[in-house]
Amino acid sequence: MSLPGTDPTGPLNDESYIQLLAPDGTRITSAEFDPWLEDIDGDRLAGLYEDMVVVRRLDQEATALQRQGELALWPPLLGQEAAQIGSGRALRKDDFVFSSYRENGVAYCRGVDLTDMIRVWRGNRPSGWDPYEINMATPQVIIGAQTLHATGYAMAAKFDGDDAVAVAYFGDGATSQGDVNEAMVFAASFQAPVLFFCQNNQWAISEPVGLQAQGKLSDRAPGFGIPSYRVDGNDVLACLAVTRKALDHARIGGGPSFIEAVTYRMGPHTTADDPTRYRDANELEDWKRRDPIDRLAALLSAEGLLDEALRQRVQQAADDAAAEMRAGCINMAEPGDLELFENVYTAPHPVLARQRQHYERYLDSFEAAEWGH
Amino acid sequence: MSLPGTDPTGPLNDESYIQLLAPDGTRITSAEFDPWLEDIDGDRLAGLYEDMVVVRRLDQEATALQRQGELALWPPLLGQEAAQIGSGRALRKDDFVFSSYRENGVAYCRGVDLTDMIRVWRGNRPSGWDPYEINMATPQVIIGAQTLHATGYAMAAKFDGDDAVAVAYFGDGATSQGDVNEAMVFAASFQAPVLFFCQNNQWAISEPVGLQAQGKLSDRAPGFGIPSYRVDGNDVLACLAVTRKALDHARIGGGPSFIEAVTYRMGPHTTADDPTRYRDANELEDWKRRDPIDRLAALLSAEGLLDEALRQRVQQAADDAAAEMRAGCINMAEPGDLELFENVYTAPHPVLARQRQHYERYLDSFEAAEWGH
Amino acid sequence: MTTMTFGRAINTGLRKAMENDPRVVIIGEDIGALGGVFRITDELQKDFGAHRVIDAPLAESAILGTAVGMAYRGYRPVCEIQFDGFIYPAFDQIVSQVAKLHYRTRGRVRMPLTIRVPFGGGIGAAEHHSESPEAYFTHTSGLRVVAVSNPQDACTVIQQAIASDDPVLYFEPKRRYHTKGDVDENALEDALPMDRARVEVPGTDVTLVTYGALVQTAREAARAAEDDGVSVEVIDLRSLSPLDYSTVEASVRKTGRLVVTHEAARTGGLGAEIAASLTERCFYYLEHAPVRITGMDIPYPPAKMERHHLPDLDRILDGVDRVLGRPNSLTGLED
Amino acid sequence: MTTMTFGRAINTGLRKAMENDPRVVIIGEDIGALGGVFRITDELQKDFGAHRVIDAPLAESAILGTAVGMAYRGYRPVCEIQFDGFIYPAFDQIVSQVAKLHYRTRGRVRMPLTIRVPFGGGIGAAEHHSESPEAYFTHTSGLRVVAVSNPQDACTVIQQAIASDDPVLYFEPKRRYHTKGDVDENALEDALPMDRARVEVPGTDVTLVTYGALVQTAREAARAAEDDGVSVEVIDLRSLSPLDYSTVEASVRKTGRLVVTHEAARTGGLGAEIAASLTERCFYYLEHAPVRITGMDIPYPPAKMERHHLPDLDRILDGVDRVLGRPNSLTGLED
Ligand SMILES: Cc1ncc(C[n+]2csc(CCOP(=O)(O)OP(=O)(O)O)c2C)c(N)n1
Ligand SMILES: Cc1ncc(C[n+]2csc(CCOP(=O)(O)OP(=O)(O)O)c2C)c(N)n1
Ligand SMILES: [Mg+2]
Ligand SMILES: [Mg+2]
C-alpha cells in the first residue's frame, strides 16, 4: 500500500506558484499582478519589512515568555511572516477576518493591542480582543470551523449591499475538514464575497501536507466553482498582490476566491511540540534559504533602501513592541474568582445564578473559617 | 444577489457527458468505452432491458402499496433505472455497496429478496436485509454518511490484499455534505479502491442541483486527485461501461474514481412529497423523451431483438416480481411486542435488561387485568 | 383570536418576527418554494424574498456555521433542521461555536440564533425522523432550550426565541403539527416569559412534569386519574434550559409526588436532571422517589414498534400509581 | 508487575491488543511518527506498520466513518480523538452510525470500535482541550462508555474495550497521564469485567461516587474525612454506560448518603442520572438527598479560572458535610 505523505516528488517540492520576489531578492515582473503593487514605493516596502521584522520579534518574545512560564502556550508563526503580512496589509479596515490560532501577524496588521494578543495564551481570558474593534474574530481552535463563519459573514455583507469582504485563514491540514469544503459549497452557491486564504505551511502538527492532499491544495477550489491562486507564501509582494486582486474580485461582486500560500512552519506546531520527532532537520535548512524576511531585505538592499537609519528604526520598533508585549503580559491582572460565571448568557439565567451564589457562599466559608481560627 | 439554482443555462442543461446510446436508441461508438461492452450480446442487452423493466415495475408496485396503506413510505427510483442497473450489473459479487435509500435497483442487482426490500418501508424492521448476504449495506438515511463507510471498507479491502471494490451511491444533494468531501480526501490519500457513484437526478427534494454546485458535480473530484467521469445516467450501456472501467481501475490498484450519472428523478422525492410545489411539469416532459427504458427498447427493436417472446418474458418477470413483493408485504409477520429491545448490544446490558423486564411486567399487567375482569 | 394548526402558528410567529425585524433571516433545506417538508415556512420566501428565506445547500454544519457568521454581522438567523436526527452533523458548530461564542468573546459577540428542530416520534416515520435529542443541548452550557406544546405557545415562543440575544434551540413536537388551537397573534407583550413553566392542569396529589407532544397526553392522564379520584397537577416545562425549578418545586412541595415523562431515552434524559434537582430541593417533602416514564434506552425503533417505546396514557397512569404507592405493574418487584 | 505511567499503560494495552489480533488497527491524527500528542501510541507505527497505525487526514468525521467501514469488513478499529473538544465533528457518525448499526442491521453488522478520548481539565490548556463530554454518549443508546482512573485499569480496560463487540468510548483522564502505578500486563484474564464498578476505598458513612481523574481526588477526600471521623466509601464507576447500579446500590443501602462528583457541567451530567437512579432504588434508605459536586454550567473556562470550575478536595469535603447534615458552605441557605 502506498503511504500518503511520503512521496518526495509530491506537492512539497512543487514550485509552480506566483512569485514576484525571488529568494535572492530579485524582483520578478508580472503583467497580471504588478498593477496591484503600483503604490508600493520604497516607503511601503520598508513598511512591509518593518511589519515582518516586528511580528517575528513578537513571535520570538511570546515564545520566550512561554519558556519562562509566563504564557501557557504559544503557536509560533515563524516563517509565515510574508503570508500573513502580505495578505493582512491588503485588507481594508471594514473587511472582517476569521482566523485560526496562528495568525498573530494578521492580527498585528489589524491593529491588535499587544497585550490583547496574548491574554488567551496566558490563560487569563477565553480570548484576547474585541472582534469588532479590529474586525477580526478571536482565534478559532476547532480546525476549519471559522471558514463557515467567514462565508456567513460574507453572505450577510452581501445582504447589506456592503462591499466588505470576509477573509478566512486556515492551514493545509484544515482543508481535509468537512466544514472547509462545505464553506466552499456555500460560498460558491451564494457567490459570497469571501476569500479563503490557506497557509500551506507543509505540516499539520506531525502530518505532512501530502497526507491531506494528493495534488495541490489550490486545485480543490476550482472544482467548487471558485477561482484559485497558488502563491509563494514567503514572498510578501506576491501575497499582497494576489490578495488585493482576490479582494477586489469579491468587492465588485465576483464572489469567492481561494489562495494557497505555500510557506513553511519553521518552528514547532506550538511550544508544546517537538518537531524533531517527525521531521528532518534538512527540510528546515532548505526553507531557511527561502526566508521571507531575508528576501525582502535583499530587495531593499539592492535598491539601496536598507540603510542604517531604517535598520535602527525597524530594530527599535521591534524592541518596543516586544517590550510592550512583555510588560503587558507580566502586569496582566489576574481574573477575579467569580469571573468564570460571566458572559455565559446575555440575560438572567436562574440556574447558573444559583450555582454562582452557592459558589460564592462556598468561597466565603473559607474566609469565615480563616477568621474563625 | 444572484439566486443559486435558477440559472437556466446551468448544469441542468449541460449535456457534455459520455453517451453510448442516444435517446432515440442509436448506438454511439466509443473507442474508449466500447471495449468494456464486448460481452454485451443480444441476450445480455435483453437482460439489461428486463432488469430495468422489472425494477420499474417493482418501484410502481411499492408506490401502489404505499398508496394503499401497506407501506409507510417509499422513495421511487422512477427514471433512474439505467444508472442503477448499468452500474449495479457492473459489480462483482464480492464488491460491497454502500447506498442511500433510493438504490433499490442496485439492491435488485445484488439479488435482494423482494420482501427484504420493503421491510423497512413497512415499518417492520430497522432495515431489510442482511448486508453480508448480498454485500450491500442497508439504506443510509443520513445524507452522505455512507461514503465514508465505503471508503473505510475499501481501505480494509486493501489491507487484506483483496481486489474487491467498495461502491458508494449518493445523490447530487449529498455532494454538499462535509462527509462526502472528507470521503474523497481519505480515498485519495489512501488510494482506496472505492467508487463514488453520484446519481445526479437534478433534485434534492425541492432543491435543484444548481443550488448545490456552480459547475458540474464531476468537476469536484479531480481537485481531490480523483479521476472523474460524467456519464449519461439514462444510458444503461454508458453506465455499465464507465462503471466497469472505474471498478477495474480500482481493482488493479489505481485507487478511487468518481462517476456522475446525469439522470432525473421522474417521481416525487418520496411518496410523502408533492413535486408540483417546486418544479415545472415541462421539465418532466423533457426528461420523458430521454427515458432510459425506451431507448434500450428502441435499440433492441432496431436490432430486431424485441420480439413478442421477449416482451412477454419481460412482462411476466415484472408481474411475478411485483406479485412476489406484494405477497411478501401483505403477509409479513408483525414484530413481536418486545422485539424493540433486541440487538441494541451484542452482550448483556443490565440496565436495558431491567427496562425490558419492567416493560414485560407492564404488558403482563394488562393481561392480568383483562383476566381479572 | 384565530383558530389555526400548530404548524400554521409557528409560521405566523415566524412571519411576525420577520416583519418586525429586517435582520431576521431563515435558512434551511427546502424551506423556500416547498415551504419546508412540514410547510412551516409556507409562503415566506414568496413574501420576504430569497435573501431572507434562504434555501441552503444540503449541509447542516454549514447551515449553522454560516448562521454564526451572519450573527457576527448583526443578523438574527433562524435555522431549520429538517428532522431531529439531522442535527448531529451540525453538533460541532452548535456546541463549540454557537454555545460558546458569547463566552469566548467576553460578551462582545452575540449569537441570537434560533434553531428550529421538529422532534419526537409517533408519526410512523423512518429511522432518524423521530428522535428526541434535547438532552444533548440542555447539558450544553451557553444554550437555551425550549419545547412548545400548543399553537399559542408555538406562535409566541418562536418570537421570544428570535428576540433572545442568546442562542435558542426551539423544539417542535412534529406529531402535533396538525393540532388546532386558538391563537392570539398579538399576545407577545403580556406573554409568559420564555423561560417559565406553566401549570397546565392544577392538582394536589401528584405533580406530572413534561413538555412537547406529551403535554397533551399528560392532560389526558390527569383527566383519567381524576375519574379515579386522583388529582394530578400537570406542568408544561416549556423551557428545558434553564429549567423553571420554582414552578416545579412549588408543585412538588404541595403534592410530595413527582412523575416526569419524556420520549427521549431514560438514561441521562431530562427526567434524570429533574428528578435529581427536585430531590435536592424537596427531599423532605417527597413521599416517594420521583418516577420517570420515558422512552427506552434503545435507538428509535421501527414504526411498528414505536408504541412500545413511547410513553402513552397507560404508561403515565402506571407511573402515577407507582408514585402513589398504589398497585402498579411493578408491584412486587423490588424497584 | 511493572511500574509505569498511566500513558504507558494505555500504550502497553494497545500493543497487546494489536499483538493478539491482527484485525486491530489504530487510526487518528498524529499517532504515527509523533506517537500522538500525548505519546500514547509511541512506537506503535514503527512496530506494526503504517497500515495498522494509520495517520489520518485532519477530519474526525472521516476517522469515525472510515472506521465504521473497516468494522463492516471485520476489523476492530481503535480511533484516537486528539482532545475531548474535537469529538464533536464526529458526533453524527458516532450517534447515528456507530451506535445504531448493530440495531439497524438486526445484529448482522457488529461495530467493535473503540474510541479513545483524552478528557477533562486541570492541565491549564486552551479552549476545547479540557472538556468532559461523556454525558452525551451515556445518553446515546447502543454505545458503551468507560472511564479509567489508574494505570492497571488503563491497561486492562483498553484491551477489554477492543475485545468488546459493541462500540466503546474509552475516556482517559489526561491530567493523570503521568501518574505512575504498578501494572500487571497479563491481568486480563481474571480482570474485573469492563462494566463493573469498583469499591476503591471501603467505608460506612457516605458513598462517594466518581470516575476518571477525580478518583484520586476522592481517595484523598476519603483520607481527609477519616481524619475527621467520617468513613467515606469511594466507588470508581469505571463503566459509565451501563452503570453498575448493583455496586453503588449496595453501598448506598449501607451508608444512606450519596455524593457524586464529576468535572462535567452539573445540568444533565452523569451525576443527575446516578442521583435519580439511586433515589429510585434506595429511597427509603436515604438519609439525605444525593449531593452533586460538579463542574459549573459554563463553557470550560480559561486556564486561570479552572480551579474554580473543577471539583477539588475541599469542594468534595463540603459535599460530604452537606450530605451528613453537618455545617457546610450552604448551611442556612434553603437548598
Ligand atoms: C477539530 C479539531 N481537530 C483536531 C485539532 C488538533 N489540532 C490543532 S492544530 C492541528 C493541525 C492543524 O494544521 P493546519 O490546518 O495545517 O494548521 P497549522 O497548525 O499548520 O497552522 C490539529 C490537528 C483541533 N484543534 N481541532
Ligand atoms: C443529514 C441529513 N439531512 C437532511 C436529510 C433530509 N433529506 C432526505 S433526502 C434529502 C435530499 C437528498 O438529495 P440527493 O442527495 O440529491 O438524493 P436523492 O433524494 O435525489 O436521491 C434530504 C435533504 C437527511 N436525510 N439527512
Ligand atoms: Mg499547516
Ligand atoms: Mg438528487
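Naming: A, B, ... by sequence-line order, numbering from 1 per chain.
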Heavy-atom check, side chain of C/Leu310 versus side chain of C/Tyr300, under 4.5 Å
yes

Can a salt bridge be assigned to the pair B/Arg279 and B/Glu207 using a cut-off of 4.0 Å between side-chain N and carboxylate O?
no

Salt-bridge present (B/Arg119, B/Asp116; N to O < 4.0 Å):
yes

With a strict 4.5 Å heavy-atom criterion, list every residue of residues 339-351 of chain B that contacts chain C, or say none.
B/Glu339, B/Leu340, B/Phe341, B/Val344, B/Val351

State which residue, out of B/Phe170, B/Phe98, B/Phe186, fulfils the side-chain contact (heavy atoms from CB on, under 4.5 Å) condition with B/Thr147.
B/Phe170

Contact class of C/Ala62 relative to chain B, heavy atoms under 4.5 angstrom:
neither

Hey, does B/Arg265 have a side-chain heavy atom less than 4.5 Å from the side chain of B/Asp273?
yes

Counting only heavy atoms closer than 4.5 Å, note whether C/Asp314 contacts chain B via side chain, backbone, both or neither.
both

With heavy-atom distances below 4.5 Å as the criterion, would you say the side chains of C/Val291 and C/Leu258 are in contact?
no

Per-residue contact mode, C/His309 against chain B (heavy atom under 4.5 angstrom):
both

So which residue, C/Ala126, C/Gly124, C/Ala33, ends up with the most heavy-atom pairs under 4.5 Å with chain B?
C/Ala33

Answer key: most heavy-atom pairs under 4.5 Å with chain B among C/Thr267, C/Asn328, C/Thr331 is C/Thr331

Assert top hit (heavy-atom pairs under 4.5 Å, partner chain B, pool C/Ala59, C/Pro57, C/Ala56, C/Ala303) equals C/Pro57

Just do the side chain to side chain contact (heavy atoms under 4.5 Å, CB included) check on C/His128 and C/Phe83 with the steps written out, would you?
CA-CA 7 Å; C/His128 310 291; C/Phe83 279 87; over 6 Å; no

Which answer fits C/Glu29, side chain, backbone, both or neither, if we ask what part of it has an atom under 4.5 Å from a heavy atom of chain B?
both

Is the shortest side-chain heavy-atom distance between C/Ile10 and C/Tyr177 below 4.5 Å?
yes

Would you please go through residues 68-78 of chain C and name the residues with a non-hydrogen atom below 4.5 Å from one of chain B, in numerical order?
none

Quick check: under 4.5 Å, non-hydrogen atoms only, which of residues 70-77 of chain B neighbour chain C?
B/Ala72

Taking side chain as everything from C-beta outward and backbone as N, CA, C, O, which of these in C/Asp318 sits under 4.5 Å from a heavy atom of chain B? Side chain, backbone, both or neither.
side chain

Donor + acceptor pair across side chains of B/Glu260, B/Asn200 (<3.5 Å):
yes

Among B/Asp337, B/Leu352, B/Val141, who wins on heavy-atom pairs under 4.5 Å with chain C?
B/Asp337

Under 4.5 Å from any heavy atom of chain B - which part of C/Pro302
both

Counterpart residues, side chain to side chain donor-acceptor pair (under 3.5 Å), relative to C/Asp42 (two or more places apart):
B/Arg277

